[in-house]
Each structure stands twice: as structure tokens, then as C-alpha cells.
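Report on the following structure.
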Amino acid sequence: QIDISTSDNSIKRQILKYPLDASGFLTSSEHTSAKDVLIGQWNITPVLEEELWIKKEGNQTFQPLFGTYNKYKVFENGLPALYEQLSHKKGNAAFREKSNLIINNRDVFNNPVEVISNKYNSYCYIWSYNGQYPIAFIKNINYNHVIQALGGKSFIDALAAKSEPTEQD
């Protein structure tokens with residue numbers, strides 16, 4: 001927890017929660033399982049919850065301003081990774097009302113290959129150079145359609161594993 005005094009004598013409080021201390025809002029079985037894997041791998045640095053509160057001069061209590069909640073899940077490759085980012089703003093009674101980001105699929109290197117932002121915009125990535133760099137960015141398409149168009153998941157996985165793809169790839 002970090003408290004910052006502002007020029008108008010308010011106090012802003014930032015609260016960060018990590019795998020060892022996050023609880024509360026993110027209680028799905030997928031998230032809980034991923035959190036346990038993160039802890040088991042001693043990967044305790046991802047921020048799972050971030051909240052910003054304010055206490056105006058003369059008030060006794062802090063009021064919520066903003067919160068971000070990062071949901072993790074264990075993907076097919078067995079690795080836990082960010083799956084969905086949720087947020088709320090002051091006055092929003094439902095903390096999970098706005099989903100900023102959903103990562104539906106990841107490749108063998110744990111890179112995101114299908115991302116949905118703001119529930120409507122779909123993006124797909126094709127990776128290569130040993131999974132280090134994206135070589136294609138495709139808008140408004142489902143990852144399964146990309147797999148079909150490129151000849152199957154084995155081709156995409158092989159392309160991701162290449163150290164230097166050719167122009168024919």
C-alpha cells in the first residue's frame with residue numbers, strides 16, 4: 001500500500017495485491033488454480049489486483065476511484081498467464097462490469113495468439129523467431145479461422161519455433 005499526499009491535501013492510496021495476498025474479487029476456479037501454480041513456481045510478482053482510493057481533506061474515510069483485476073488461468077501449455085483484465089470506476093457498483101481484455105489462446109511459448117479487447121475487437125497474432133517476435137497481426141477474426149486458413153495448428157506451432165522463417169513460410 002502506498003499513500004501519496006496531493007497538492008489539494010487529499011491522500012491517494014494505491015493498493016497492490018500479488019499471488020500470495022490476493023483474495024476476494026477473483027474467486028473463479030480457473031483463477032484460483034492459476035494463482036496456486038504461480039505460487040508453486042515462486043512467480044509471486046504479477047499484480048493480480050490494483051486499487052486506487054482517495055481521502056479528500058476533511059473526510060475520515062477513503063473512497064474508491066479505480067480498480068484493475070487481472071485474472072490468470074493455466075493454458076493448454078501448462079503455464080499460468082494473464083487471461084482477462086477487469087476494471088471498475090468510482091460509482092460502479094459491479095466491480096466486474098467492464099472487461100478490458102480477454103486472452104483466449106496462447107501458443108507453445110505462452111505468447112497471446114487471440115486477444116479480445118472491450119468485448120468486441122478481436123485480434124490474432126502469429127509468432128516466430130523462437131516465439132520471440134510477432135510476424136503477423138490480424139484484426140476481426142477468430143483464431144480457429146486463422147488456424148484453418150494456414151493449414152492447421154501444427155504449421156503455426158512449427159512457424160513459431162523457427163529461428164528464422166523464410167518468405168515462403
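For reference, positions follow the sequence shown, starting with 1.
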Query raised in the report: According to a 4.5 Å side-chain heavy-atom criterion applied to Ile, Leu, Val, Met, Phe, Trp and Tyr, with indirect links allowed, do Leu150 and Tyr129 form part of one hydrophobic cluster?
Result: yes
Report summary line: Heavy-atom closest pair (Ile141 atom, Cys124 atom, distance to 0.1 Å) is O-SG, 3.3 Å
Query raised in the report: Quick one: are Gln14 and Ile4 in side-chain contact, heavy atoms under 4.5 Å?
Result: no
Report summary line: Apart from Trp42 itself, members of its ILVMFWY cluster (side-chain separation under 4.5 Å) are none
**Report entry** Any side-chain heavy-atom pair of Tyr69 and Leu48 under 4.5 Å
**Finding:** no
Report task. Could you tell me if the ring centre of Phe137 sits under 6.0 Å from that of Tyr125? Result -> yes
Query raised in the report: Quick one: are Tyr143 and Asn104 in side-chain contact, heavy atoms under 4.5 Å?
Result: no
Query raised in the report: Other hydrophobic cluster members with Phe62, side-chain heavy atoms of Ile/Leu/Val/Met/Phe/Trp/Tyr under 4.5 Å, chained?
Result: Ile11, Ile15, Trp53
**Report entry** Test item: Asn130 side-chain N/O and Gln132 main-chain N/O as donor-acceptor pair under 3.5 Å
**Finding:** no
Report task. Quick one: closest heavy-atom pair of Ala81 and Phe75, and the distance? Result -> O-CE1, 3.8 Å
Query raised in the report: What are the two closest heavy atoms between Pro19 and Ile44, and how far apart are they?
Result: CD-O, 3.4 Å
Report summary line: Leu159 and Ile126 have their tightest heavy-atom pair at CD2-CG2, 3.7 Å
**Report entry** Residue Lys12 excluded, over 12 heavy atoms near NZ under 6.0 Å
**Finding:** no
Query raised in the report: Are Val47 and Leu79 connected in a single hydrophobic cluster, I mean Ile/Leu/Val/Met/Phe/Trp/Tyr linked by side-chain heavy atoms less than 4.5 Å apart?
Result: no
Query raised in the report: Quick check: does any side chain N or O of Arg13 sit under 3.5 Å from a backbone N or O of Glu51, one acting as donor and the other as acceptor?
Result: no
Query raised in the report: NZ of Lys71 to CD of Glu49: how many Å apart, nearest 0.5 Å?
Result: 12.0 Å
Requested in this report: Tell me who clusters with Phe109, hydrophobic residues only, linked when side chains sit under 4.5 Å apart either directly or through other members.
Outcome: Val108
**Report entry** Nearest non-hydrogen partners of Asp21 and Leu16, listed with the distance
**Finding:** OD2-O, 4.5 Å
Query raised in the report: Does Thr68 use its side chain to pair, donor to acceptor, with the backbone of Glu50 at less than 3.5 Å?
Result: no
Query - From CA spacing to verdict: side chain to side chain contact (heavy atoms under 4.5 Å, CB included), Asn142, Glu114 - result: CA-CA 7 Å; Asn142 165 309; Glu114 182 179 20; 4.2 Å; yes
Query raised in the report: Is Phe155 atom CZ crowded by more than 12 heavy atoms from other residues, nucleotides or ligands, each under 6.0 Å away?
Result: yes
**Report entry** side chain to side chain contact (heavy atoms under 4.5 Å, CB included) between Thr6 and Ile54, worked out
**Finding:** CA-CA 10 Å; Thr6 64; Ile54 191 163; 5.9 Å; no
**Report entry** Enclosure of Glu164 CD (heavy-atom neighbours >12, cutoff 6.0 Å)
**Finding:** no
Query - Backbone of Ile116 reached by a side-chain donor or acceptor of Ser122 within 3.5 Å - result: no
Query raised in the report: What's the shortest heavy-atom distance between Lys162 and Ser128, and which atoms?
Result: O-OG, 3.7 Å
Query raised in the report: Picking from Asn105, Ile156, Val113, what satisfies side-chain contact (heavy atoms from CB on, under 4.5 Å) with Ile147?
Result: Ile156
